[in-house]
Peer 1: 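Let me begin by handing over the structure; questions about it come next.
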2 protein chains.
Amino acid sequence: MLLFYQPDILQGIHHLNDEESRHAVKVLRLGVGKEIDLTDGQGRFYKAVITDAHQKKCAFEITETREVAAFPLHRHIAIAPTKNIDRIEWFVEKAVEFGIDRITPVICDHSERKVIKQERLHRKALSAMKQSLKAWFPKIDEAMSYKQFLAEAQADHKFIAYVDHDNTDYLSRLKQDSGSHLVLIGPEGDFSENEIALAQKSGFQKVSLGPSRLRTETAGIAAIHLLNL
Amino acid sequence: MLLFYQPDILQGIHHLNDEESRHAVKVLRLGVGKEIDLTDGQGRFYKAVITDAHQKKCAFEITETREVAAFPLHRHIAIAPTKNIDRIEWFVEKAVEFGIDRITPVICDHSERKVIKQERLHRKALSAMKQSLKAWFPKIDEAMSYKQFLAEAQADHKFIAYVDHDNTDYLSRLKQDSGSHLVLIGPEGDFSENEIALAQKSGFQKVSLGPSRLRTETAGIAAIHLLNL
């Protein structure tokens, strides 16, 4: 099933944007009368029929709407972008496949990558949402400094994940059945002692993702997978 | 920590192979007297001192041996190789990071990729083992047909994972605390009805990896992550 994306359907925008229109009309050669499936990324799937197969502004008429319940927990991962950009994009793709509400790139003391284009991660998330037929599109923040992130971080349950072979406070056991969950994943060189102390002062609980030493993007995937169990 | 690999240390082979020697001597410029860390991929870490910095046959003397306990379950994933080879390589890398004992590429009815070089997956696993400082190297089989795989598949607990939104037999609940576990992951187009029937006749239990529709490599990662919890 091919899924198109139009976030503003309820605001009355009943046409695809530039890129989606080009894909529908020029690439897939869908014409007037053809039925398409869409999501607004806010929990709704739609069936619609193309009314104007315009390659920049493909218009449609909604025939059916289906709401998808939100996941019982709000799932937010804050993660240090990896030096190799493929790896953090891969994390974004997998996180969307499993189900995620918000992703915040955080630049840490030991981060090798200090800059990342939110647009790139946004595109990756969008393509993953469409491929995995999800109705919920995560919020993807612009990269921010560690201090700014801590100042803004809001959640009922906040966790900082790091490598510690002796720590048996596993996220799998500490996660709750409801409420907003925020898991902070550090860079390859781990958090600095100062960062861990600041996080704890901000109400973050130290957790382990298991005894294995995981790459940043793997730790991110482990965390989002656990939040979804 | 840099980890070198020599599987035959106990067989008396106290030198690195061609490639590892070149890396140690030509790239890293390690010389006689330098201490190195090694694993034999069979649960042992070694500390050793270089005795001959030969670029094709770097010899060493073992000074210390440390055994790492085997994981309480034997973890075997059989998985349909993805059309895009990067994806199945990602799976291998992540599986080794989490911990895995055996990987079998299985060619299914709906497989888009019918051939895969075991050597490629072997190299990926090796590099992941060294990077994540593991002492256990998984067995990686040559790709085999679905029928051949079923004929050979041995495990105390055998599972076939597939997409079914109504199935609540989650692997997370059905996995046991001990014994060998084998999880079979299908291609993007899922297993054929015939394949599912054959698997059930061979003692495979149908399981779900959750309500989300996952790509093949993501399903593989979910499964191995669960087996390691």
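So you know, we letter chains A, B, ... as the sequences are listed, proteins then strands, and number each from 1. Just so it is clear, the structure is predicted and the values come from calculations on it, not from any experiment.
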Peer 1: Please examine the side chains of A/I196 and A/E193, heavy atoms only from C-beta on, and report whether any two atoms are closer than 4.5 Å.
Peer 2: no
Peer 1: Do the charged groups of B/R22 and B/E19 touch, with an N to O distance under 4.0 Å?
Peer 2: no
Peer 1: Any residues in residues 62-90 of chain B near chain A, with a heavy-atom distance under 4.5 Å, and which are they?
Peer 2: B/R87, B/W90
Peer 1: Applying a heavy-atom distance below 4.5 Å, give me the residues of residues 212-229 of chain B that approach chain A, sorted by number.
Peer 2: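 Within residues 212-229 of chain B, near chain A: B/S212, B/R213, B/L214, B/R215, B/E217, B/T218, B/I221, B/A222, B/H225, B/L226, B/L229.
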Peer 1: For chain A, which residues from residues 203-211 of chain B lie under 4.5 Å away (heavy-atom distances)?
Peer 2: none
Peer 1: With no hydrogens and no angle check, is any side-chain donor or acceptor of B/Q118 less than 3.5 Å from a backbone partner on B/I140?
Peer 2: yes
Peer 1: Would you say that B/K34 contacts B/V49 through its side chain, given a criterion of any heavy-atom pair below 4.5 Å between the two side chains?
Peer 2: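 No. Closest side-chain heavy atoms not under 4.5 Å.
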Peer 1: Assign the ring pair A/F137 / A/Y5 to parallel, tilted or perpendicular, where the plane angle (0 to 90°) is split at 30° and 60°.
Peer 2: tilted
Peer 1: Check A/L30, A/L16, A/N17 against A/C58 for a side chain to side chain contact (heavy atoms under 4.5 Å, CB included) and give me the one that passes.
Peer 2: A/L16
Peer 1: State whether A/R113 and A/E188 are salt-bridged, where the test is any N-O pair (Lys NZ or Arg NE/NH1/NH2 against Asp/Glu carboxylate O) under 4.0 Å.
Peer 2: no
Peer 1: Quick check for you: to the nearest 0.5 Å, what is the distance between B/F45 atom CZ and B/L3 atom CG?
Peer 2: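 B/F45 atom CZ to B/L3 atom CG measures 6.0 Å (nearest 0.5 Å).
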Peer 1: Quick test of your reading of the model: are B/D141 and B/R102 salt-bridged, counting only N-O distances below 4.0 Å?
Peer 2: yes
Peer 1: Would you mind reporting whether A/D101 and A/P138 have side-chain heavy atoms less than 4.5 Å apart?
Peer 2: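 The answer is no, as the side chains (C-beta and beyond) never meet within the 4.5 Å cut-off.
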Peer 1: Given B/Y46 and B/D40, is the side-chain hydrogen bond (donor to acceptor under 3.5 Å, both in side chains) satisfied, shown in steps?
Peer 2: CA-CA 8 Å; B/Y46 303 86; B/D40 59 9; 2.8 Å; yes
Peer 1: Report, as yes or no, whether the 6.0 Å neighbourhood of atom CZ on B/R44 holds more than 12 heavy atoms from other residues, nucleotides or ligands.
Peer 2: yes
Peer 1: Using only atom types and a distance under 3.5 Å, with no angle test, would you say the side chain of A/K134 pairs donor to acceptor with the backbone of A/E97?
Peer 2: yes
Peer 1: What I want to find out is whether B/K47 reaches B/D37 closely enough, with some N-O distance under 4.0 Å, to be called a salt bridge.
Peer 2: yes
Peer 1: So does B/I107 get a backbone contact from the side chain of B/S111, meaning a donor-acceptor N/O pair under 3.5 Å?
Peer 2: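 Between the backbone of B/I107 and the side chain of B/S111 there is no qualifying donor-acceptor contact (under 3.5 Å).
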Peer 1: Please check this pair: side chain of B/E195 against backbone of B/C108, looking for a donor-acceptor N/O pair closer than 3.5 Å.
Peer 2: no
Peer 1: Name the region of A/E93, side chain, backbone, both or neither, that has any atom closer than 4.5 Å to a heavy atom of chain B.
Peer 2: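 Just its side chain gets close to chain B.
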Peer 1: For the backbone of B/K117 and the side chain of B/E119, can you confirm whether one donor and one acceptor N or O come within less than 3.5 Å of each other?
Peer 2: no
Peer 1: Where along residues 173-186 of chain B does a heavy atom come under 4.5 Å of chain A, listed by residue number?
Peer 2: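 Against chain A, none of the residues of residues 173-186 of chain B fall inside the cut-off of heavy atoms under 4.5 Å.
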